[in-house]
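What follows is one structure encoded as structure tokens, with my remarks underneath.
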Amino acid sequence: MGHRELWAWVGATALGCALVLLAGGQVWVRVQEPSGVAAPTGGDLSPVLTPVALAGLAGIVAVLATKGLGRRAVGALIALCGAGAAAGTWTALGDDTVTGWLGEHNVLHGATGLPWEAAPLWPAVAAAGAVLMIAGGVLAVVRGGRWAGMSARYDRAGGRAGDRARAQVTEDRALWDALDRGDDPTDRR
């Protein structure tokens, strides 16, 4: 059950990050007139969207690589990244933000007072992604301690290096001695 929950968490949190990344690259505002006026993307209006989504993806990998308190700390950072994405989404469509961006990037069209309207799909997609990131971070904090970690194969072994090397030589010698006797050392009867 722990593996299923972990992989469901990975999928949902990664989906949240991907939604924020995808929405950040889409046009969030339609300029009504004149034609040919540059329209801003979510990333233009809120430059924080892409970095927090990428940090969330890195956090997913970090959760897989850590255990215990480290995993909980990374989960809290993922939740903070989701909160940053939510705040960025909220502030992106503010009248001052959009009007300021249009004024800076459409100087030739007399950009003061350009009529615009929000394209509601992409901000909603970014908000949904932010909610998934927040929920994923909170879930990692609360339930992350129960999830399986990386294999102990990569953990540092205790003892001195010389002791481990001697044990390996002894074990290898025993395998060769079994082969010399005609025994199969892989047979576990």
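Numbers here are sequence positions counted from 1.
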Validation: residues 42-62 side-chain donor-acceptor distances under 3.5 Å, sequence neighbours left out:
| residue | atom | partner | partner atom | Å |
| --- | --- | --- | --- | --- |
| D44 | OD2 | T41 | N | 3.0 |
| D44 | OD2 | T41 | OG1 | 3.1 |
| S46 | OG | G88 | O | 3.2 |

> Are L19 and L93 connected in a single hydrophobic cluster, I mean Ile/Leu/Val/Met/Phe/Trp/Tyr linked by side-chain heavy atoms less than 4.5 Å apart?
Replying inline: yes
>> Determine whether a donor-acceptor pair (N or O, by modelled atom type, separation under 3.5 Å) exists between the side chain of R30 and the backbone of A119.
In response: no
> Atom CZ in R143, atom CZ in R72: separation rounded to 0.5 Å?
Replying inline: 11.0 Å
> What pairs with L22 under side-chain contact (heavy atoms from CB on, under 4.5 Å), at least two apart in sequence or on another chain?
Replying inline: Q26, W122
> Could you walk me through whether L121 and W28 pass the side chain to side chain contact (heavy atoms under 4.5 Å, CB included) check?
Replying inline: CA-CA 8 Å; L121 173 65; W28 284 25; over 6 Å; no
> What are the two closest non-hydrogen atoms of A126 and T89, and how far apart are they?
Replying inline: CB-OG1, 3.5 Å
> If you round to the nearest 0.5 Å, how far is CG of L64 from CH2 of W7?
Replying inline: 5.0 Å
> What are the two closest non-hydrogen atoms of A23 and V125, and how far apart are they?
Replying inline: CB-CG1, 4.0 Å
>> Who clusters with L80? Use side-chain heavy atoms, under 4.5 angstrom, across I, L, V, M, F, W and Y, and order the result by chain and number.
In response: L77
>> Membership question, hydrophobic clusters at under 4.5 Å side-chain separation (ILVMFWY): are V74 and V141 in the same one?
In response: no
> In terms of hydrophobic clusters joined by side-chain contacts under 4.5 Å, are L15 and V138 together?
Replying inline: no
>> Checking the side chain of W9 only, and the main-chain atoms of G136 only, is there a donor and an acceptor separated by less than 3.5 Å?
In response: yes
>> Is there a side-chain contact between L132 and T13 in this structure, where contact means two heavy atoms from C-beta onward sitting under 4.5 Å apart?
In response: no
> Closest heavy-atom contact between R71 and G144?
Replying inline: NH1-O, 2.9 Å
